[in-house]
Colleague: 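Sharing a structure with you now.
Values in this document were obtained by computation on a predicted structure and should not be read as measured data.
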Amino acid sequence: METRKQEIKSKNNGKIKIGIIPGHFATNHSHVNYYIDMTKIKTHHMVAKETARELSKAYISNTSIDTIICLEGTEIIGAFLARELAKEGHTSINSGKDICVITPETNANNQMIFRDNIQKHIFGKQILLLISSASTGKTIIRTVDCLQYYNGQLAGISSIFSAINEYNGLPVNSIFKSDDLPNYKTMGSHSCELCQNGQKVDAIVNSYGYSKI
């Protein structure tokens, strides 16, 4: 499968790259015709720093951020993003702020929760949601439900890759979009064109990577 891997550079920053593998892949929410490899962006600090710098541009001048919620292995990017937004002597309205960077816990019912000691960083705070991929928007909906329970205010959504442009009127700020992937498709598991054509699933994928079938 890896022999099919291609590399795509960000249009705005050539140091930021993802790998794409065409095929038939199953996620928790859908079937897709590309596996998007973001391993280096998530695990190498220099690339994570460049990614954070690009994502910060959407918020520097006009969005107050108190807390960054990191999902899908984006914690390193989230820390650099907080640093970019809070730089001293910066035009950012968050200059000098001590931005909190946290990841929710998942309970036995697969619900996102925040323990009592963390809730103060959510209640009444301006929240930036950071995820690795937004293909259907279901992760965003799940997170918004959690924030409403804890009385957090969603101020922004950022993603390394996004196939959707907005959620409930709020733009999804991303490095890569579906236009960057030739003929990218996301399909429901019961209406998947690839399944209907008899094409076997290559791998099960999630935010950690993939497992071949």
Colleague: Side chains of Ser10 and Asn12 only: does a donor on one sit below 3.5 Å from an acceptor on the other?
Modeller: no
Colleague: First locate atom CD1 of Ile164, then atom CD1 of Ile157, and finally report the distance between them rounded to the nearest 0.5 Å.
Modeller: 7.0 Å
Colleague: Is the backbone of Gln199 close enough, under 3.5 Å, to the side chain of His24 for a donor and an acceptor to pair up by distance?
Modeller: yes
Colleague: State yes or no: do Leu181 and Met187 share one hydrophobic cluster built from I, L, V, M, F, W and Y residues joined by side-chain heavy-atom distances below 4.5 Å, directly or via other members?
Modeller: no
Colleague: Taking Ile18 as the starting point, is it possible to reach Phe25 by hopping between hydrophobic residues whose side chains are less than 4.5 Å apart?
Modeller: yes
Colleague: Backbone N or O of Glu72 within a donor-acceptor pair of the Lys42 side chain at under 3.5 Å?
Modeller: yes
Colleague: Can a donor-acceptor pair be found between the side chains of Ser64 and Lys97 at a distance below 3.5 Å?
Modeller: yes
Colleague: Do side-chain atoms of Asn33 reach the backbone of Lys185 as a donor and acceptor pair under 3.5 angstrom?
Modeller: yes
Colleague: Looking only at non-hydrogen atoms, find the nearest pair between Ala155 and Gln126 and report the distance.
Modeller: CB-NE2, 3.6 Å
Colleague: How close do Ile122 and Ile127 get, counting heavy atoms only, and between which atoms?
Modeller: CD1-CD1, 4.1 Å
Colleague: About how many Å separate CD of Glu75 and OG1 of Thr103, when rounded to the nearest 0.5 Å?
Modeller: 3.5 Å
Colleague: Partners of Lys120 by salt bridge (charged side-chain N to carboxylate O under 4.0 Å, His left out), sequence neighbours excluded?
Modeller: none
Colleague: What I want to find out is whether Arg4 reaches Asp202 closely enough, with some N-O distance under 4.0 Å, to be called a salt bridge.
Modeller: yes
Colleague: Using a 3.5 Å distance criterion without hydrogens, assess whether the side chain of Asp180 forms a donor-acceptor pair with backbone atoms of Lys177.
Modeller: yes
Colleague: From Ile20 CD1 over to Glu7 CD, what is the distance, rounded to the nearest 0.5 angstrom?
Modeller: 10.5 Å
Colleague: Would you please say whether a donor-acceptor pair under 3.5 Å links the side chains of Thr186 and Ser30?
Modeller: yes
Colleague: Any side-chain to backbone donor/acceptor pair from Ser56 onto Arg53? Under 3.5 Å, distance only.
Modeller: yes
Colleague: Distance check, rounded to the nearest 0.5 Å: Ile60 atom CD1 versus Glu84 atom CD?
Modeller: 6.5 Å
Colleague: Short question: side chain of Ser211, backbone of Ile204 - any donor-acceptor pair under 3.5 Å?
Modeller: no
Colleague: List in chain and number order the residues that pass side chain to side chain donor-acceptor pair (under 3.5 Å) with His121, two or more places apart in sequence or in another chain; answer none if no residue qualifies.
Modeller: none
Colleague: Between Thr139 and Leu71, what is the shortest heavy-atom contact and its length?
Modeller: CG2-CD1, 3.8 Å
Colleague: What distance do Ile93 atom CD1 and Leu85 atom CG have between them, rounded to the nearest 0.5 Å?
Modeller: 9.5 Å
Colleague: Donor-acceptor check, side chain of Tyr34 to backbone of Pro182, threshold 3.5 angstrom: yes or no?
Modeller: yes
Colleague: Any donor and acceptor pair, going by atom type alone, linking the side chain of Asn173 with main-chain N or O of Leu55 inside 3.5 Å?
Modeller: yes
Colleague: Which residue pairs satisfy the ring-ring contact (aromatic ring centres under 6.0 Å, His included) criterion with at least one member in residues 156-205, sequence neighbours excluded?
Modeller: Phe161-Tyr184
Colleague: For Thr106 and Arg142, which heavy atoms make the closest approach, and how far apart are they?
Modeller: CG2-NH2, 3.7 Å
Colleague: Restricting to non-hydrogen atoms, name the atom on Ala134 and the atom on Ser159 that form the minimum distance, rounded to 0.1 Å.
Modeller: N-OG, 3.6 Å
Colleague: Measure from the side-chain N and O atoms of Ser95 to the backbone N and O of Lys87, and report whether any donor-acceptor pair falls under 3.5 Å.
Modeller: yes
Colleague: Quick one: does any side-chain atom of Tyr150 pair with a main-chain N or O of Phe114 as donor and acceptor, under 3.5 Å?
Modeller: yes
Colleague: What's the spacing between Asn13 CG and Thr51 OG1 if we round to 0.5 Å?
Modeller: 7.5 Å
Colleague: What's the shortest heavy-atom distance between Gly78 and Cys70, and which atoms?
Modeller: CA-SG, 3.8 Å
